[in-house]
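A quick write-up on the structure given underneath.
Chain identifiers are assigned alphabetically (A, B, ...) following the order of the sequence lines, protein sequences preceding nucleic acid strands; residue numbering begins at 1 within each chain.
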Protein chains: 2
Amino acid sequence: MKKDSRKKATIYDLSMLSGISPSTVSAVLNGTWRKRRIKESTAELIRDLAEKHQYTTNRQAQGLRRSRSGLVGLMLPVYDNRYFSSMAQTFEAHVRQRGQCPIVVSSSRDPQEERETAENLISYSIDELFICGATDPDGVHEVCEAAGLKHINIDLPGTKTHSVISDNYEGGRMLTEAIIGRFASDDPLSPDELSLFGGRNDHASRERIRGFRDVKRALLGADPEASIQPTGYSPNTARIAFEAFFEKAGRLPRALFINSSINFEGLLRFMSAHPHETFADLVVGCYDYDPFGSFLPFPVIMMRQDVEGMITKAFELIEETRTPPKIHLIRPDLVPPRTALTGPLDGLKDIV
Amino acid sequence: MKKDSRKKATIYDLSMLSGISPSTVSAVLNGTWRKRRIKESTAELIRDLAEKHQYTTNRQAQGLRRSRSGLVGLMLPVYDNRYFSSMAQTFEAHVRQRGQCPIVVSSSRDPQEERETAENLISYSIDELFICGATDPDGVHEVCEAAGLKHINIDLPGTKTHSVISDNYEGGRMLTEAIIGRFASDDPLSPDELSLFGGRNDHASRERIRGFRDVKRALLGADPEASIQPTGYSPNTARIAFEAFFEKAGRLPRALFINSSINFEGLLRFMSAHPHETFADLVVGCYDYDPFGSFLPFPVIMMRQDVEGMITKAFELIEETRTPPKIHLIRPDLVPPRTALTGPLDGLKDIV
DNA sequence: CTTTTTTGCACAATCGATGGTGCAATCAAT
DNA sequence: ATTGATTGCACCATCGATTGTGCAAAAAAG
């Protein structure tokens, strides 16, 4: 019946079978047939044939001809935390809704890898690229620009194209205020009892730290230099920093501002090596929301970045290439301890 | 200098510029030039020119010709939990190491969407597909088979091709034993004090439930039917089930077996509506590991599925198409409360 | 019954890379 | 010097879909 059920049917196969020219078959199947004045009955015939032979268009050929692929890319630093995984989840939903195919890749926060990954995606003629949390957004920009690829920065800003990021300064302020607010006025926090851990020398960290400092100075009157410990975005370096602090001070600070949930995992590693009592009076503020993190045995205040808002805004802005690059701030939300928020998964239907 | 720095250079451009034929240029750039007896000096010349003009091969054209794309696909149900996000992270690392390009998509546990997603990926001529946690693996198999695409099941097994999954029965047993073991012999658990929540009618849930029942009967002597509540894989249906139980019984069971971290989030939602005291003597066993979940204020025993092991095995088996389909079990690990394990992120280098 | 207009479709070039084949030029062998 | 082998590369068809163009046949206008 079929020539080789193993090989996919092409427009040429359908052309042979129907005696209709390949170009007409193509027009019918890609929807341009009205414009080409193809008879309704011919179209019908071809559609039936296509269905019968399970025709699907070869996207490589289509992409080659059209020089676009229908693929929309999202480049993430990593997958494995709730902030970035919800970013991927939300992104997917948006792209699918537009009838395109999402493709997500990670680039490990390595500038070199970021550029290579972009090159690679470009070689597949992706239509748009969302650059999320890139260490060197402008480097990636060069690559995209050279290929005429629409792109936009998310989470960490660049200077060469629009960026949609959290309002990290405001977020830093809110979180710091909330942490300090947890302490009663009869037992107030002293400046050296509130430390910041995690992050590195990127825009987000700098802004959060700036917010932290401003609020700390305003409310506690001082901000010793030693209370800031950027440890990079890894659990282990954070753990080591906590251990070091503990060694030196004999205890943890009463209050911690942790720069990301990844760094928070460093605190978990520290915790597993120490008894409960070490954390009896600890208050943690964490920039990033993780539902389980919110229910730990001590008060954990979290900042939830508005992923849905950022993605939505990014989709609007990626079209906008006439105006000069701008940074768009999206306000994050303060999440009180013991709070279970809904997420992108809640939109899915569930079958039992 | 360049004709249009906006359009990427092709082998024809390099051909024009060098006076060397396109086929020779192609051979040099794709590495087959020795086989074609191209002079070293010619190759050198072309390589230099390619470098100078930032040539990168057009993968669509290459894919069209070769009918393979260099893309390796991973289909996930969802991104947004630590099990699947670590799956994506680990998968990426493996694919990159093989010099291919990973592409990850999610299909929302919807059989229809699973098949369409597969079709879609196939139309991009992906080389291999890893089908993870599919609701209808055999449906996806048909699609892959028809296209002659190598594929393999992970996490949930199919009957038509090899599957690599957790040893859910053993895992269910281990977890149930561990939960029961938390209760002292002077205050032992009664059968109706241990309930299972979450999961649906899939292979993984069934096996875990079977393990749960077997151990429960062996150790506690009975297993009332009502103690099993499959709620689907959504936080909210799980929350509702907890609420319902609480309404009826006036309290939660002393011990819970929760079928996945997604369902565990349903417990968090329940918790946020109830005071701490409700959970004072609760013991939870959760199938899936989440580092933050491990540190909640009550004992949480978790099963970590061996993602690295599963991916590694899957890569081995995907080549193996001669032997009849088999299910390969990978043993998960029991994680005691308050344990922070390292994950795929720990392999990345970190720059501060 | 012509001429003009419209309808319906076929033809052929093109996108960029690949690989089988063939043909000069160079070199080795007799 | 003639034949045969080897080297080095160009030519061209091909992968599957798209799209500008052209041309008959049918329909409408005169």
Is the shortest side-chain N/O distance from A:S26 to OP1 or OP2 of D:dG16 below 4.0 Å? no

Backbone N or O of A:E308 within a donor-acceptor pair of the A:T312 side chain at under 3.5 Å? yes

Give a yes/no on whether any side-chain N or O of A:Q62 is located under 4.0 angstrom from OP1 or OP2 of D:dT18. yes

Which nucleotide in the list C:dA12, C:dT21, D:dG16 gets nearest to the side chain of A:S23? C:dA12

Nearest to the side chain of B:T10 - C:dG16, D:dC9, D:dA17? C:dG16

Presence of salt bridge, A:E40 and A:R34, under 4.0 angstrom: yes

For A:Q60, which of A:L64, A:T57, A:N58 qualifies under side-chain contact (heavy atoms from CB on, under 4.5 Å)? A:N58

Go through C:dA10, C:dA17, D:dG16 for me and flag the one nearest to the A:S21 side chain. C:dA10

Any donor-acceptor pair under 3.5 Å between the side chain of A:R36 and the base of C:dG8? no

When all nucleic acid strands are considered with a 4.0 Å heavy-atom cut-off, which category describes B:G19: base, sugar-phosphate, or nothing? sugar-phosphate

Closer than 4.0 Å, any side-chain N/O of B:T24 to the OP1 or OP2 of D:dC9? no

Looking only at the side chain of A:K39 (C-beta and beyond, no hydrogens), which of the listed nucleotides C:dC9, D:dA10, D:dA17 gets closest? C:dC9

Mapping B:L64 and A:A27 to their closest nucleotides on DNA chain D, which lands nearer the 5' end? B:L64

Would you tell me if any nitrogen or oxygen in the side chain of A:N58 comes within less than 4.0 Å of OP1 or OP2 on D:dC15? no

Parallel, tilted or perpendicular: ring planes of A:F130 versus A:F315, cut at 30 and 60 degrees: tilted

If you measure only the distance, is there a donor-acceptor pair under 3.5 Å linking the side chains of A:H141 and A:T159? no

Below 4.0 Å: OP1/OP2 of D:dT18 and any side-chain N or O of A:R66: yes

Calculate the interatomic distance between B:L29 atom CG and C:dG16 atom C1'; express it in whole Å. 12 Å

note: B:R68, atom CZ; C:dG16, atom P; distance rounded to Å ~ 23 Å

How is B:T57 classified with respect to the nucleic acid when contacts are heavy atoms under 4.0 Å: base, sugar-phosphate, or nothing? sugar-phosphate

How many whole angstroms separate atom CD1 of A:I11 from atom P of C:dA12? 15 Å

A:R37 side chain: which of C:dT7, C:dG16, D:dT7 is closest? C:dT7

Can you check whether A:T42 has a side-chain N or O nearer than 4.0 Å to OP1 or OP2 of C:dC9? yes

Think A:Y12 has a side-chain N or O under 4.0 angstrom from the OP1 or OP2 of D:dT14? no

Which residue, A:V105, A:V104, A:I103, forms the side-chain contact (heavy atoms from CB on, under 4.5 Å) with A:M75? A:V105

Look at A:Y124 and C:dG16 and indicate whether a side-chain polar atom (N or O) is within less than 4.0 Å of OP1 or OP2. no

Does A:I20 reach a base, just sugar-phosphate, or nothing at all? Heavy atoms under 4.0 Å. sugar-phosphate

